[in-house]
Amino acid sequence: MATNHEILGRHEVDDLEAILAVTNTDVNEIQHLVRSNGDAIFTWDYDRSRPALGKLYERAKKSQWNAQTDLPWDTEVDQEHVVLANALANNMTFGPELDTTGTPFEKWGDAEWLAFGVQSQNWTLSQFLHGEQGALICTAKVVETVPWIDAKYYAATQVMDEARHVEVFAKYLDEKLSGHYPINAHLKLLLDDIIEDPRWDMTYLGMQIMVEGLALAAFGFIQQMTTEPLLKQLLRYVMSDEARHVAFGVLSLQEYYQQLTEGEIRERQEFAFEAAVRMRDRFLQQEVWDHFGVNVKDAVHVVMQAPERKVFQSMLFSKIVPNCKKLGLLDAGDGWLRQRFTELGVIQFEDWTDTGEEYSTLDEVSKDREAASA
Ligand SMILES: [Fe+2]
Ligand SMILES: [Fe+2]
């Protein structure tokens with residue numbers, strides 16, 4: 001059995017020192033090269049033998065949208081105003097509510113917390129942008145490596161979706177926000193691991209189940225919370241696509257996992273655990289604290305105490321845990337992954353709706369079109 005050290009590179013999952021020691025050492029790099037392993041597979045079996053994937057493919061074709069013309073890009077965005085309006089609308093008193101005596105925030109007033117809110121938004125959207133590019137690359141890889149024709153068809157539509165997502169987040173950052181952040185080192189490690197793995201189903205597990213499962217939850221949270229109409233609409237549309245992507249992962253892996261041995265399933269459990277921890281680590285926003293020149297470890301220590309932070313952090317797993325359960329990963333073997341998710345404090349989501357079918361209710365693009373033509 002693999003140890004924490006073998007999976008994560010550290011013995012204790014919550015070792016803050018070790019987590020923060022992982023940083024992006026080349027923030028000016030323009031290109032990042034990763035060896036993409038795995039075989040490109042031709043199939044001569046063109047039979048449409050997987051109707052659930054076929055249905056998803058038809059839905060994807062009908063739900064395409066245009067990033068340039070389907071969103072209200074003429075919306076004026078005053079970032080500081082948005083940060084304040086969001087805090088007011090959601091009853092958030094993040095900074096001032098904490099006891100900051102003896103911490104890096106002791107002298108922080110409203111102006112500093114406002115500036116933090118702005119940077120935090122720049123950082124969050126930047127990480128979404130980089131994650132979307134990861135999805136674009138992973139999905140292009142799935143087109144090559146998955147052995148089933150129905151899955152190749154579907155994955156091709158997802159490549160288009162992800163190009164559009166990269167496009168909308170890049171445009172929003174450029175035109176509406178006030179700065180970009182380079183990719184977070186934990187997210188980068190995870191994306192590299194997914195792309196390097198030669199087993200085609202690991203691309204799905206890492207991307208469609210873990211990264212996109214988390215993205216769907218995070219987008220949903222921000223979409224509910226934001227008072228900014230352009231971002232709200234943008235996230236609604238991106239989420240319609242993401243729900244299909246996660247469903248694609250669940251439907252494909254459900255079939256494939258049935259033929260795996262217990263040992264092979266254990267490797268998938270370990271990969272899911274690694275991905276979960278890397279994604280949790282990235283949400284510590286270490287680059288934002290760096291931006292303000294405060295001691296990152298002290299800062300993280302303080303914000304981890306904020307109750308809404310804990311809620312947000314665990315909510316990120318609200319799609320991942322039920323989907324892992326549906327795939328049989330929670331309880332396979334001796335329930336190894338259930339134990340790990342319990343330690344991470346996210347097991348309470350196990351009976352929430354999984355995403356195998358949920359995508360049709362999240363198809364906002366089709367709903368808008370039906371409303372417009374009625
Ligand atoms: Fe995406
Ligand atoms: Fe996606």
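Scope of the values below: all heavy atoms of this structure, side chains included, with no hydrogens, waters or symmetry mates. In listed order, ligands and their atoms are each counted from 1. Everything numeric in this text was worked out from a predicted model, so none of it was measured.
The main-chain N or O of Val143 is found under 3.5 Å from a side-chain atom of Lys152 such that the two form a donor-acceptor pair. Of the possible polar contacts, none joining the Glu167 side chain to the Glu162 backbone as a donor-acceptor pair under 3.5 Å is found. With hydrogens and angles ignored, the 3.5 Å screen pairs no side-chain donor or acceptor of Arg282 with any backbone N or O of Arg278.
Between the Fe ion (ligand 2) and the N, O or S atoms of His245, the shortest distance is to ND1. The closest approach of Glu162 to the Fe ion (ligand 1), by N/O/S atoms, is made by OE1. Between the Fe ion (ligand 2) and the N, O or S atoms of Glu212, the shortest distance is to OE2. Looking at Glu242 and the Fe ion (ligand 1) together, the shortest N, O or S contact belongs to OE2.
In summary, His165 places no N/O/S atom under 2.8 Å from the Fe ion (ligand 2), failing the contact criterion. The Fe ion (ligand 2) does not have Glu132 among its coordinating residues (no N/O/S atom, backbone or side chain, under 2.8 Å). Here Asp241 fails the criterion, with no N, O or S atom under 2.8 Å of the Fe ion (ligand 2).
Here Asp201 does not pair with Arg199 in a salt bridge; the nearest charged N to carboxylate O distance is not below 4.0 Å.
Looking at Val321 and Asp351, their side chains never come closer than 4.5 Å, going by heavy atoms from C-beta outward. Within the 4.5 Å cutoff, no side-chain heavy atoms of Asp354 are placed close to those of Lys325.
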